[in-house]
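Input: a single structure, listed below in structure tokens.
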There are 2 protein chains.
Amino acid sequence: MLNRCNNRKKTGQKKKIDDFQKRCRDTGLKVTTQRLAVYKALIETAEHPSAETVFRRVKQIFPTISLDTVNRTLRTLSEIDSAFIVEGSGEARRFDGNLHPHQHFKCVRCKRIVDFYHQPFDNVEVPLNIRRKFKVLRKTVYLEGICDSCREKN
Amino acid sequence: MLNRCNNRKKTGQKKKIDDFQKRCRDTGLKVTTQRLAVYKALIETAEHPSAETVFRRVKQIFPTISLDTVNRTLRTLSEIDSAFIVEGSGEARRFDGNLHPHQHFKCVRCKRIVDFYHQPFDNVEVPLNIRRKFKVLRKTVYLEGICDSCREKN
DNA sequence: CTCTGTGCAAACACTTTGCAGCTAA
DNA sequence: TTAGCTGCAAAGTGTTTGCACAGAG
């Protein structure tokens with residue numbers, strides 16, 4: 001399973017790129033050389049790169065691209081759900097003094113974070129292939145969405 | 001201490017504070033007024049505050065404290081496991097172009113992020129009390145620890 | 001041809017650091 | 001007493017923004 005995720009197949013890449021171009025057209029975005037290059041760089045790697053990393057990579061085949069464009073494009077990609085942010089919300093760090101096991105729900109509009117506890121999340125064992133390779137120190141379950149009061153505001 | 005909270009809840013806070021002081025002594029940290037004030041402010045709220053928010057709150061009862069101290073203290077608290085970071089790693093945003101459902105393991109040393117897929121995590125239903133109140137758009141399961149190559153380096 | 005996208009530079013928000021004086025142990 | 005802590009100011013890091021020009025549709 002680790003392997004399958006790491007070896008993203010070439011044939012699949014082509015289709016992804018076609019789908020992406022369609023997605024751009026559907027959402028009214030222009031298919032620019034830069035946008036395509038950033039998207040390709042992102043799906044060609046399994047290392048969950050930062051904007052800086054994508055920038056360095058794209059620069060090799062497109063030397064005039066700027067870091068700003070990469071930043072803007074990555075943000076756009078996540079807005080049209082062609083990419084996800086796996087680390088760093090871009091907002092300030094936030095802390096929790098509650099040491100008991102629990103999970104969080106975060107409202108993407110008002111940024112409110114709510115604690116909850118749902119035992120089944122806690123009960124799921126970390127898979128063996130992960131436990132064998134890595135020392136797991138922490139397990140986080142995180143939900144995102146729109147909270148009740150933000151929904152009413154629509 | 002306000003005396004309106006004279007029951008078990010307050011006793012719990014009291015115990016937490018005692019435990020915290022012990023934790024400081026055990027880890028060789030001094031129990032300073034600032035450190036205590038920051039810790040209290042953190043456990044008195046359920047809103048997962050940022051450093052800035054904690055700062056504003058502590059300032060009311062301790063006007064000379066600086067934001068730097070709050071930042072430093074919150075970092076220290078998470079280092080001694082008296083608090084957790086629930087949002088914002090402080091590092092750069094990182095992106096993922098893999099849209100299939102999957103989970104992540106992140107090595108806290110080398111920052112490498114590895115994809116895996118463990119169906120049981122996917123199968124857990126979001127609890128009803130959350131689904132009823134909030135519109136859930138995304139579910140994230142995230143493991144943190146030490147990866148194989150970093151363990152060997154010890 | 002039009003209007004979005006890009007590159008540049010400057011602005012920005014948050015966090016960290018160097019240092020001198022302070023304080024808990 | 002003294003090692004560690006704090007407050008201040010300055011630097012650092014990553015991201016966003018305003019603007020004029022370029023290029024996709």
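Please read all numbers here as calculations on a predicted model, not as lab measurements. Letters A, B, ... mirror the listed sequences (proteins, then strands); counts begin at 1.
Note: CG (B:L77) to P (D:dC5) measures 12 Å, nearest angstrom. Between the P atom of D:dT15 and the CD1 atom of A:I85 lies a distance of 10 Å, rounded to the nearest Å. Rounded to whole angstrom, the span from the CD atom of B:E87 across to the C1' atom of C:dT15 amounts to 16 Å. Atom CZ of B:R75 is separated from atom P of C:dC14 by 17 Å (rounded to the nearest Å). If you measure from atom CD of A:E91 to atom P of D:dT16, you get 10 Å, rounded to the nearest angstrom. Taking atom CD of A:E79 as the reference point, atom P of C:dG5 lies 11 Å away to the nearest angstrom. Rounded to whole Å, atom P of D:dG25 lies 10 Å from atom CZ of A:R35. With rounding to whole Å, B:F55 atom CZ is found 10 Å from D:dG7 atom C1'.
Checking C:dG7, C:dT15, C:dT17 against the side-chain heavy atoms of B:L67 singles out C:dT15 as nearest. Out of C:dT23, D:dT15, D:dA24, the shortest distance to the side chain of A:K30 is found at D:dA24. When each of D:dT6, C:dT6, C:dC8 is scored by its nearest atom to the side-chain atoms of A:D68, the top-ranked nucleotide is C:dC8. The B:T33 side chain lies nearest to C:dA24 when the options are D:dT6, C:dT17, C:dA24. For B:S66, the listed nucleotide lying nearest its side chain is D:dG7; candidates were C:dG7, D:dG7, C:dG5. The side chain of B:R93 sits closest to D:dT15 out of D:dT15, D:dA9, C:dA9. Nearest nucleotide to the side chain of B:A92, out of D:dG14, C:dC8, C:dT6: D:dG14.
In the interface, the side chain of A:R25 is not paired with the base of D:dG25 through any donor and acceptor atom under 3.5 Å apart. The base of D:dG7 sits within donor-acceptor range of the side chain of B:R72, with an N or O pair under 3.5 Å.
Looking at B:R23, its side chain never comes within 3.5 Å of a backbone N or O of B:S82 through a donor-acceptor pair. A donor-acceptor pair under 3.5 Å is absent between the side-chain atoms of A:H102 and the main chain of A:D115, judged by distance alone.
Atom OG1 of B:T69 and atom CG of B:L74 lie 10.5 Å apart (nearest 0.5 Å).
Residue contacts shown for B:S50 are absent, as no nucleic acid heavy atom lies under 4.0 Å away.
For C:dG5, neither phosphate oxygen OP1 nor OP2 lies less than 4.0 angstrom from any side-chain nitrogen or oxygen of A:T32. Put simply, A:Q34 has a side-chain N or O that comes within less than 4.0 Å of OP1 or OP2 on C:dG7.
Checking B:Y142 against A:E87 by side-chain atom types alone, a donor-acceptor pair falls below 3.5 Å.
Using a 30° and 60° split on the angle between ring planes, A:F134 and B:F105 fall in the parallel class, below 30°.
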